[in-house]
Participant: 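Below is a structure I'd like to ask you about.
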Amino acid sequence: MKVLILGVNGFIGSALVENLLKKEHVSIYGMDMDHDKIKEFLSHPRMNFVEGDITINKEWIHYHIKKCDVILPLVAIATPSVYVSDPLRVFELDFEANLELVRQCVQHKKRLIFPSTSEVYGMSSESEFKEESTNFVLGPISKQRWIYSCSKQLLDRVIYAYGVQHDLQYSIFRPFNWIGPKLDHILTPKEGSSRVLTQFISDVLKHQKIKLVDGGEQKRSFTDIDDGIDALVRIIENKDGCATRRIFNIGNPNNNYSIKELATVLLDTLKNYPFFKDKADKTIIEIVKSHDHYGQFYQDIQNRTPSIEQAQTYLGWSPKIGLKESLIKTLDYHLSHLDHSLA
Ligand code: UDP
């Protein structure tokens with residue numbers, strides 16, 4: 001099976017490579033602008049990597065969509081601070097650039113596995129979100145945060161329509177706050193703009209306050225990357241067509257914690273690491289207003305819990321990894337890869 005992964009050096013792409021290369025029947029063709037997260041796999045005989053940009057290296061991509069069996073376009077901006085600071089870039093990359101790839105999959109009759117997002121459900125008040133029945137609830141246009149949700153939603157609809165009208169073989173998966181090693185860099189200059197877990201680890205390392213936006217009562221269902229990849233591999237393998245033309249929430253409803261709880265569990269866990277202990281003991285948690293933290297274009301989601309019935313039924317998948325275990329894995333990774341002179 002030839003698998004094309006665009007954005008192969010990303011959080012999901014890099015973890016997927018590690019898993020897929022263990023399977024003798026899989027060859028990977030991957031493009032990314034960088035390769036720091038997949039360095040150790042570049043010389044693998046079944047790994048074919050090329051450095052490039054999906055908005056520029058179109059010929060390479062078109063050729064490989066024709067050549068491969070399964071296409072995973074994983075290139076997207078998925079960081080809320082960018083939805084509000086540069087919404088047009090989100091639209092151009094997440095929607096426009098990906099639409100071209102979807103159309104090429106239709107043209108060459110290739111299997112498409114597309115990353116949607118738990119953000120599509122928006123501010124739905126349902127206690128758990130169901131792929132087939134939950135209504136999407138987004139804020140007004142002036143709340144630019146929703147451009148990501150909306151871009152992904154429209155692509156989901158386009159893909160669905162290509163399935164109905166042109167027989168496109170697709171699967172759509174919706175990650176719910178996947179966390180783990182390699183999510184974001186913890187010492188990058190994009191201060192205050194990483195996703196919440198990396199942001200909090202970085203705050204502790206840099207002796208900054210942990211900021212709870214609007215009190216931190218909002219909840220997320222944190223999902224370990226290994227559980228996520230387990231689901232994704234089942235979708236790629238598609239036993240007896242179980243994943244074809246289906247949408248799957250991939251999230252862990254047992255890890256539904258508030259951001260305040262995340263901060264507390266993280267600080268407790270950090271205290272078991274000699275390197276972090278002193279920093280964790282001194283960390284102050286403060287409450288900030290979302291308007292001050294993200295600006296006027298932000299709007300938040302209070303609860304985001306997946307129903308995972310579809311994934312359980314069709315993929316035989318259930319998440320297994322608890323939040324604490326996931327944090328330990330993430331911290332172990334960052335500690336062993338940290339340039340200690342910088343921290
Ligand atoms: N958040 C926070 N402090 C931070 C960063 C994020 O309280 O320093 C909150 C944010 O407002 C949101 C939640 O944590 O309610 C999760 O944010 P993230 O950026 O990880 O992504 P989201 O789940 O909103 O897509």
Side-chain angles (χ1 to χ4, degrees), residues 10-12 76-87 90 94 115-124 129 136-139 143-153 174-180 182-188 190-225 228 249-253 255-267 283-306 323 326-327 330:
F11 174 47
I12 298 179
I77 292 165
T79 307
S81 58
V82 186
Y83 312 159
V84 293
S85 66
D86 201 349
V90 174
D94 295 17
S116 177
T117 170
S118 53
E119 282 246 341
V120 291
Y121 299 106
M123 297 177 290
S124 164
F129 301 159
F136 300 159
V137 181
L138 307 188
K143 296 297 176 194
Q144 299 202 73
R145 189 230 165 97
W146 302 112
I147 198 156
Y148 172 68
S149 171
C150 217
S151 298
K152 287 285 189 182
Q153 180 194 152
R174 296 191 172 141
F176 280 65
N177 289 80
W178 289 12
I179 55 170
K182 306 185 187 175
L183 175 56
D184 302 297
H185 293 285
I186 53 172
L187 291 172
T188 50
K190 49 171 196 169
E191 203 161 284
S193 68
S194 289
R195 280 160 289 192
V196 66
L197 174 60
T198 337
Q199 185 59 50
F200 285 178
I201 298 172
S202 151
D203 290 338
V204 174
L205 270 175
K206 293 180 175 169
H207 309 278
Q208 285 163 356
K209 291 177 185 164
I210 281 186
K211 296 175 200 76
L212 295 181
V213 172
D214 292 334
E217 297 298 337
Q218 61 277 37
K219 289 184 166 176
R220 297 293 188 271
S221 295
F222 296 100
T223 308
D224 189 89
I225 181 77
N249 288 340
I250 306 298
N252 191 338
N255 282 348
N256 194 38
Y257 292 99
S258 71
I259 301 305
K260 197 199 246 170
E261 286 167 319
L262 174 73
T264 313
V265 179
L266 176 67
L267 286 178
T283 301
I284 295 167
I285 297 181
E286 74 168 349
I287 290 175
V288 295
K289 288 203 177 81
S290 54
H291 195 277
D292 298 329
H293 190 74
Y294 288 110
Q296 58 168 318
F297 302 126
Y298 185 74
Q299 197 166 26
D300 212 336
I301 297 128
Q302 291 315 305
N303 197 25
R304 180 193 270 169
T305 315
L323 178 65
S326 204
L327 294 184
T330 308

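Counting starts at 1 for both ligands and their atoms, in listed order.
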Participant: Check the side chains of Asn252 and Thr223 for a donor-acceptor pair under 3.5 angstrom, ignoring hydrogens and angles.
Facilitator: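 No, no side-chain donor-acceptor contact under 3.5 Å.
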Participant: Does the residue Gly216 have a heavy-atom contact with ligand 1, meaning some pair of atoms that are separated by less than 4.0 Å?
Facilitator: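 Under 4.0 Å: no for Gly216.
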Participant: Between Tyr298 and ligand 1, find which residue part has any heavy-atom pair under 4.0 Å and reply side chain, backbone, both or neither.
Facilitator: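 Answer for Tyr298: side chain.
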Participant: Consider ligand 1: state whether an atom of it lies below 4.0 angstrom from any non-hydrogen atom of Lys260.
Facilitator: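 Per 4.0 Å heavy-atom rule, Lys260 does not contact ligand 1.
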Participant: Just go through Gln199, Gln218, Lys209, Arg304 and tell me whose heavy atom is the nearest to atom 9 (C) of ligand 1.
Facilitator: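 Among Gln199, Gln218, Lys209, Arg304, the closest heavy atom to atom 9 (C) of ligand 1 comes from Gln218.
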Participant: Hey, what do you get for OG1 (Thr198) to CD1 (Ile179), rounding to the nearest 0.5 Å?
Facilitator: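 Reported value, rounded in 0.5 Å steps: 9.0 Å.
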Participant: Would you say ligand 1 has an N or O under 3.5 Å from any N or O of Ile301?
Facilitator: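 Min N/O separation from ligand 1 is not below 3.5 Å for Ile301.
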Participant: Find all atoms of ligand 1 within a distance of less than 4.0 Å from any non-hydrogen atom belonging to Asn177, and give their numbers and elements.
Facilitator: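 Under 4.0 Å from Asn177, ligand 1 has these atoms: 23 (O).
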Participant: To the nearest 0.5 Å, what is the distance between SG (Cys150) and CG (Asp94)?
Facilitator: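 Spacing of SG (Cys150) from CG (Asp94) equals 12.0 Å.
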Participant: In terms of atom number and element, which parts of ligand 1 are under 4.0 angstrom from non-hydrogen atoms of Lys211?
Facilitator: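 Selected atoms, number and element: 2 (C), 3 (N), 4 (C), 7 (O), 8 (O).
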Participant: Do we see a donor-acceptor contact under 3.5 Å between the side chains of Asn256 and Ser221?
Facilitator: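 Note: Asn256 and Ser221 side chains meet the donor-acceptor criterion.
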Participant: Select the closest option to atom 2 (C) of ligand 1 among Ile210, Asp184, Leu212, Val213, judged by heavy-atom distance.
Facilitator: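 Nearest heavy atom to atom 2 (C) of ligand 1 lies in Val213.
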Participant: Test side chain to side chain donor-acceptor pair (under 3.5 Å) on Thr117 and Arg174; report intermediate values, then the result.
Facilitator: CA-CA 4 Å; Thr117 170; Arg174 296 191 172 141; over 6 Å; no
Participant: Go through the steps to decide whether Glu286 and Lys211 satisfy the test salt bridge (charged side-chain N to carboxylate O under 4.0 Å, His left out), and finish with yes or no.
Facilitator: CA-CA 5 Å; Glu286 74 168 349; Lys211 296 175 200 76; 5.2 Å; no
Participant: Quick one: look at Ile259 and ligand 1, take heavy-atom pairs under 4.0 Å, and tell me if it's side chain, backbone, both or neither.
Facilitator: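 Contact part for Ile259 vs ligand 1: side chain (C-beta onward).
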Participant: For Tyr298 and Asp300, which I'm curious about, is there any donor-acceptor pair between the side chains at under 3.5 Å?
Facilitator: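 Side-chain D/A pair, Tyr298 to Asp300: present.
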Participant: List every atom of ligand 1 that sits less than 4.0 Å from any heavy atom of Phe200, numbering the atoms from 1 in the order shown and giving each element.
Facilitator: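 The list of qualifying atoms is 3 (N), 4 (C), 8 (O).
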Participant: Taking only heavy atoms of Glu119 into account, list the atoms of ligand 1 that are under 4.0 Å away from them.
Facilitator: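 Under 4.0 Å from Glu119, ligand 1 has these atoms: 25 (O).
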Participant: Within the 3.5 Å criterion, strictly below it, is a donor on Arg304 or Asn177 matched to an acceptor on the partner's side chain?
Facilitator: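 Asn177 and Arg304 do have a side-chain donor-acceptor pair below 3.5 Å.
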Participant: What atoms in ligand 1 come closer than 4.0 Å to a heavy atom of Val196?
Facilitator: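 The list of qualifying atoms is 1 (N), 5 (C), 6 (C), 14 (O), 16 (C), 17 (O), 18 (P), 19 (O), 20 (O).
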